[in-house]
Amino acid sequence: MSQSSGVLHCNHVDVAGRRIRAAEVAWDDGQVVRIDELGPENPDWPYLLPGFIDAHVHIESSLLPPVEFARQAVRHGTVATVSDPHEIANVLGCDGVRWMLANAAQTPFHILFGAPSCVPATSFETAGGRIGVAEVTHLLATPGIGYLSEVMNFPGVLAGDPDLLAMLAAARARGLPVDGHAPGLSGAAAAAYAAAGISTDHECSTLAEAEDKLAAGMQILIREGSAARNFDALHPLLSRYPGRVMLCTDDCHPDDLTRGHIDRLVARAVALGHDVFTVLEAACLTPQRHYGLEVGQLRIGDPFNAVQVDNLCDFTVAAVWLTGTLAARDGQSLLPPLPVTAVNRFAARPVTPDELVIAGGHKHRDALNRVILALDGQLLTRDLHLPVSGPLPADDVLLIAVVNRYAPTAPAVALIRGFGLRAGALASSVAHDSHNVIGVGCDPLSLATALNAVIAAQGGLAVVDATGACDLLPLPIAGLMSDADGDQVAARYAALSAAVCERLGSPLRAPFMTLSFMALLVIPELKLSDRGLFDGNNFTLTTLEAPAA
């Protein structure tokens, strides 16, 4: 890597001042020391921007540890993230958060972590960690922690849950922001949620919902992740509410990360006609203001975290600096790969095909059973009531199972539609938020084979084809992340996803990401935990048999 000093002739993009000037920009010891304006914008010179910021991303969802995530993200001009480590916290508790902090400390990439507020996310599932008020209070005082992570239990906030209110008070006492997570919440309920001190939401899927929360005083993060994609619906907010909107990916799998990051959202927004300064404000400045990030705006005295692009249309990244040091050039990361020591918690036992059989066989009957309807590109599901009592792949009704990874217990089994498999199965130890082992399959044998491959590896992603052959991507770090090179992980992940779509017939754009959310109980309507089916609308466990009409 280069020295942390230099001089560059460029078009200096002053986002806050909404102006562009040809300039000589100099930095020394990682800090901007001089900006000499040389005249109006010069179309023959490159453009220098503040670095992009992902305002809400779970690094674990990239299947990479922080040091390797940084190597991949910096290639696209990302210089910082606001990251909730609640995935690893659900597996390892505070020890997992500390592991992420220690790993991130090895990279010059800027990562602001939050103190997880909902570990476990609910009392209706088994997690490996538990973070209460005392732990949150301690974490909020820890260097590298700068906010209270997304408060997913919005019913608890509205009901005045004393532990949640104590966590909110602990964040307020330190002057730290609080992230929200309230899909579908609107009206008086959204106003009450915001009034509790919660300042953001990244779960909006419609303009009406987002504008309701903006009216309540919240800031909105437009999310475009690997499974949940809300940019097309929400991008008008950029121009309507400048300074109150940010961009994020939330959950970005490794193959998507190799193709682009916040840079692609910026290019899309500008192509849709949004003012370039307004878009860059959302991508570069608003997260700094809201979270107190000290990344800089390319002013004299700021740390030199910058992105060089050839133009302000496609935003192809030519170079990236982290605190004055060249970190990427022409799409290649200059950050060195670093060894990682794996940590984990895994006590699941293998399952048998007999444990995955739903009583009643495969025939139709008059009684209705609940079937989870998975929706492509959404974390939300629907609660279908269908006259089926077992898997019917021809009708896209498949088996879904969740296995407690923290204790040797029997699996929970239900039915699901939307994965479209014609044969075989897929399974994963990435299952938000408790990260038990989850799988979907056409038949009990295929599903058991996939689940047991993940269990034997103590974490990973598995695909079983029509012949029973199994392919696996191991995830030895907490069953969530790989210790391999990011490009290799992306290629393996892409190959597994292609196998699910091309060989097994799934129509989903991101089948593993969609699978990971089928156990996320805090997102309605119907999900499956290791303890059984969960009604997300009424926030309670429910039965496979649907009520009579």
Side-chain angles (χ1 to χ4, degrees), residues 56-58 60-61 63 84-91 116-129 149-156 179-185 201-205 223 225-230 248-253 370-383 400-406 412 414 416 418-419 426-440 461 478-480 508 510-542:
H56 178 77
V57 60
H58 302 284
E60 303 97 311
S61 291
L63 310 184
D84 179 0
H86 80 210
E87 312 301 354
I88 197 169
N90 271 279
V91 178
S117 65
C118 295
V119 176
T122 75
S123 60
F124 301 99
E125 57 198 306
T126 304
S149 295
E150 55 184 309
V151 181
M152 296 182 292
N153 186 5
F154 61 85
D179 269 6
H181 170 117
L185 204 64
D201 190 88
H202 59 272
E203 291 291 342
C204 297
S205 57
R223 172 178 58 189
S226 292
R229 301 172 186 258
N230 308 121
C248 76
T249 60
D250 195 3
D251 294 284
C252 184
H253 261 192
R370 286 188 169 88
V371 177
I372 301 168
L373 175 61
L375 303 172
D376 194 19
Q378 296 290 335
L379 309 190
L380 295 164
T381 63
R382 295 289 179 258
D383 180 1
I400 180 171
V402 175
V403 182
N404 181 345
R405 75 133 101 173
Y406 306 105
I416 191 165
F419 274 78
L426 69 158
S428 172
S429 56
V430 179
H432 305 285
D433 279 319
S434 294
H435 300 293
N436 291 298
V437 182
I438 190 169
V440 166
L461 310 178
L480 300 174
L508 297 174
F512 278 102
M513 183 64 86
T514 301
L515 176 66
S516 73
F517 289 113
M518 294 303 101
L520 183 55
L521 308 189
V522 295
I523 301 287
E525 290 181 341
L526 188 65
K527 298 292 174 69
L528 182 67
S529 86
D530 65 294
R531 299 181 186 177
L533 273 173
F534 186 78
D535 180 340
N537 290 328
N538 296 304
F539 226 70
T540 184
L541 290 169
T542 189

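Residue numbers count from 1 along this sequence.
Across every non-hydrogen atom of S61 and H432, the tightest pair is OG-CE1, 3.5 Å. Heavy atoms only, all atoms of each residue included: I416 and A374 are closest at CD1-CB, 4.4 Å. In terms of heavy atoms, D433 sits closest to E125 at N-OE1, 4.3 Å. In terms of heavy atoms, E60 sits closest to I88 at OE2-N, 2.9 Å. Nearest heavy-atom pair across P183 and F154 is CD-CE2, 3.8 Å. Smallest separation of non-hydrogen atoms from L520 and K527: O-NZ, 3.1 Å.
At least one donor-acceptor pair closer than 3.5 Å links the side chain of S226 to the backbone N or O of H253. Using a distance-only test at 3.5 Å, with no hydrogens or angles considered, a donor-acceptor pair links the side chain of S117 to the main chain of E150. Looking only at distances, a side-chain donor or acceptor of S516 sits under 3.5 Å from a matching main-chain atom of M513.
Counting heavy atoms from C-beta on, the side chains of F517 and I523 never come closer than 4.5 Å. Taking 4.5 Å as the limit, some side-chain heavy atom of P85 sits within range of a side-chain heavy atom of P116. At a threshold of 4.5 Å between non-hydrogen side-chain atoms, the residues L373 and L375 count as touching. Residues V91 and Y406 meet the side-chain proximity criterion, which asks for heavy atoms closer than 4.5 Å. A heavy-atom distance below 4.5 Å is found between the side chains of H86 and H58. Between F512 and V430 there is no side-chain heavy-atom pair separated by less than 4.5 Å. Counting heavy atoms from C-beta outward, L526 and M518 have side chains that stay 4.5 Å or more apart. In this structure, C204 and D201 have side chains that are in contact, with non-hydrogen atoms separated by less than 4.5 Å.
Taking CG from D250 and NE2 from H56, the interatomic distance works out to 4.0 Å, rounded to the nearest 0.5 Å. In this structure, S434 OG and N404 CG are separated by 9.0 Å, a value rounded to the nearest 0.5 Å. Of the inter-residue distances, the one linking N90 atom CG with H435 atom NE2 reads 5.5 Å to the nearest 0.5 angstrom. The CG atom of D383 sits 5.5 Å away from atom CZ of R370, with the distance rounded to the nearest 0.5 Å. Of the inter-residue distances, the one linking L515 atom CG with L426 atom CG reads 5.0 Å to the nearest 0.5 angstrom. Expressed to the nearest 0.5 Å, how far CG of L528 lies from OG1 of T381 amounts to 11.0 Å.
A tilted orientation is assigned to the rings of F124 and F534, their planes being inclined by 30° to 60°.
For the residue pair D179/S149, the side-chain donor-acceptor check at 3.5 Å is not satisfied. Side chains of S429 and R405: no donor on one and acceptor on the other come within 3.5 Å.
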- Item | side-chain contact (heavy atoms from CB on, under 4.5 Å) evaluation trace for D530 with V403 | CA-CA 6 Å; D530 65 294; V403 182; over 6 Å; no
